[in-house]
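Below is one structure, written out as structure tokens; comments come after it.
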There are 2 protein chains.
Amino acid sequence: MTAAALRPSDRASQPVLASFGAPPVEGMAALDRIGTVVMLDRDSSLFYEGDAADYYFRVIKGAVRSCKMLADGRRHIGAFFLAGDFIGLDADAIYPFVAEAMTSVTVMRYSRRKIDVLISEQPRVATYLVGIMRDGLCSARQRMTALGHMTAMERVASFLLELANRADDVRISLPMTRTDIGDYLGLTMETVSRAFSQLKNEGIIKQQNVHELAIVDRAALENLGEAA
Amino acid sequence: MTAAALRPSDRASQPVLASFGAPPVEGMAALDRIGTVVMLDRDSSLFYEGDAADYYFRVIKGAVRSCKMLADGRRHIGAFFLAGDFIGLDADAIYPFVAEAMTSVTVMRYSRRKIDVLISEQPRVATYLVGIMRDGLCSARQRMTALGHMTAMERVASFLLELANRADDVRISLPMTRTDIGDYLGLTMETVSRAFSQLKNEGIIKQQNVHELAIVDRAALENLGEAA
DNA sequence: CGCCCATTTGAAAATAATCAATGGAAGTGG
DNA sequence: CCACTTCCATTGATTATTTTCAAATGGGCG
């Protein structure tokens, strides 16, 4: 599973035999020329559910969550977007979710209209974006497996592993609340908390503070989380 | 949620403001010129997990499932592919799952190499494929919500609704076993069966036979299934 | 320093899984 | 053509996991 649905960076390092060709790094550079830097405060929204999806975003700094409210008031978090992640690529005409800044956030904003023009000039930009979408699909599939067939502990373990892989460090920052994690993993806040406590008691993780932890025994964590 | 991850037909009927332009119906016609018809017996595989992903497929007739085995032997079904659905669009260099024919099946097979050539000649083909991928992402997100936050009954109800929408009929054919449905919804066979029985007892559905049922009270089913 | 809110922890209740047995339909071989 | 076999579905009883309800703890911020 993955913490962020759309993640270009990993992909750029993989060789690709498949259709649409290899992801051109220059695709991103071309994109950046038409992007605008936007800064947002914590708890503000990049956009709301139902807004016209006129922009893509890419997170430069900070963390963003995408939420969807269910009919009965339950909340589902579709993804956590961290530095490097694209937001909104999967939107059609309107955004199907609200995107909220969990921290103060810096994002690049790309006009989809301009991107269309750019694509007609540089087809590799499309290739680049398609690669990102494919990654998104891949992550989504993994996450479905997680949500469908994993126990609470397995979900939490694989969530931490994903964050650890992104951080390239045993230290993990958790900008989100326990409730956020629960809404992301399909668990309650309490169950998430209990899983954390158990991992702590078993010496698999260590908590610096509520929003910062370190993986002590990675092998044990992988044992718990790598069911998929 | 959706029964099939990749579904082009619905999309072609939606207006699209967004990037990559409107889905060109002619994109599909161009594709078909480079496709090969393939027929497969029940229980045979289109491809195996780890195979080089050299082809996309589109189901013409019959039903296909994609499976992934988890480390502990559990099985996850990623998608049911019915007539019209594309298979393999989300694959990178290799297929990340096995695709198995649940019935005797007729599919179109498209060489990804040829598709690349086609795209360079007709950019709208790329647009068409991107649209399908976006649909896939959208469905995946809905399904994640289902798996993450829905009760057993809600999952089964929304599964039936999805099939009903695809069938455009109150009669639904279920080519898959109860175990298949369970592995798709993240439930056991028994729980699925109990949900069916309850829906039957409440007069919401009627069973012609095990693999054929009819929706009697659609409103009630939507009440149960439309949490998302 | 104290308040507020998120987190942690505990106990009870609900939901789904597991274990187990029965029922039924499709396909096989006599 | 029928009986047998096998596989799948259904139903029941029990167990396990997670949620829900409730209370206590603790850290951050004014």
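Just so it is clear: chains get the letters A, B, ... in the order the sequence lines come, proteins before strands, and each one is counted from 1. Reckoned from all heavy atoms, side chains included, excluding hydrogens, waters and symmetry mates.
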- prompt: CZ of Arg194(A) versus P of dT7(C): gap in Å, rounded?
  reply: 14 Å

- prompt: When the aromatic ring centroids of Tyr55(B) and Tyr110(B) are compared, is their separation below 6.0 Å?
  reply: no

query: Toward the 5' end of DNA chain D, which comes first, Asn209(A) or Ser193(B), by nearest nucleotide?
result: Ser193(B)

message: How many whole angstroms separate atom CZ of Arg178(B) from atom P of dA17(C)?
response: 16 Å

- prompt: How long is the line joining CE of Met150(B) and P of dT19(D), in whole Å?
  reply: 16 Å

task: Using only side-chain N and O atoms of Ser197(A), determine if any of them is under 4.0 Å from OP1 or OP2 of dT9(C).
output: yes

task: Describe the nucleic acid contact of Gly186(B) in one word from base, sugar-phosphate, nothing, applying a heavy-atom distance below 4.0 Å.
output: sugar-phosphate

message: If you assign each of Arg42(B) and Thr191(B) to its closest nucleotide in DNA chain D, which residue comes earlier from the 5' end?
response: Arg42(B)

Whole-Å gap separating P (dT7(C)) and CD (Glu212(A)): 15 Å

field: Distance flag, aromatic centroids of Phe57(A) and Phe47(A), threshold under 6.0 Å
entry: yes

task: Inspect the surroundings of CZ in Arg42(B) and state if more than 12 heavy atoms from other residues, nucleotides or ligands are less than 6.0 Å away.
output: no

query: What closest approach, in Å, do Leu137(B) and Gly136(A) show between heavy atoms, and which atom pair accounts for it?
result: CD2-C, 3.7 Å

Whole-Å gap separating C1' (dT15(C)) and CG (Leu224(B)): 16 Å

task: Find the distance Glu154(A):CD to dA16(D):P and express it as a whole number of Å.
output: 17 Å

- request: Would you mind classifying the nucleic acid contact of Gln207(A) as base, sugar-phosphate or nothing, using non-hydrogen atoms under 4.0 angstrom?
  value: sugar-phosphate

message: I'd like to know if Glu162(A) and Arg155(A) make a salt bridge, using a cut-off of under 4.0 Å between side-chain N and carboxylate O.
response: no

message: Under 4.0 Å, counting only non-hydrogen atoms across every strand here, what does Thr188(B) touch: a base, just sugar-phosphate, or nothing?
response: base

query: Quick one: His211(A) NE2 to dA6(C) P, roughly how many Å, whole number?
result: 9 Å

- request: Rounded to the nearest angstrom, tell me the gap between atom CD in Glu190(B) and atom C1' in dT11(D).
  value: 10 Å

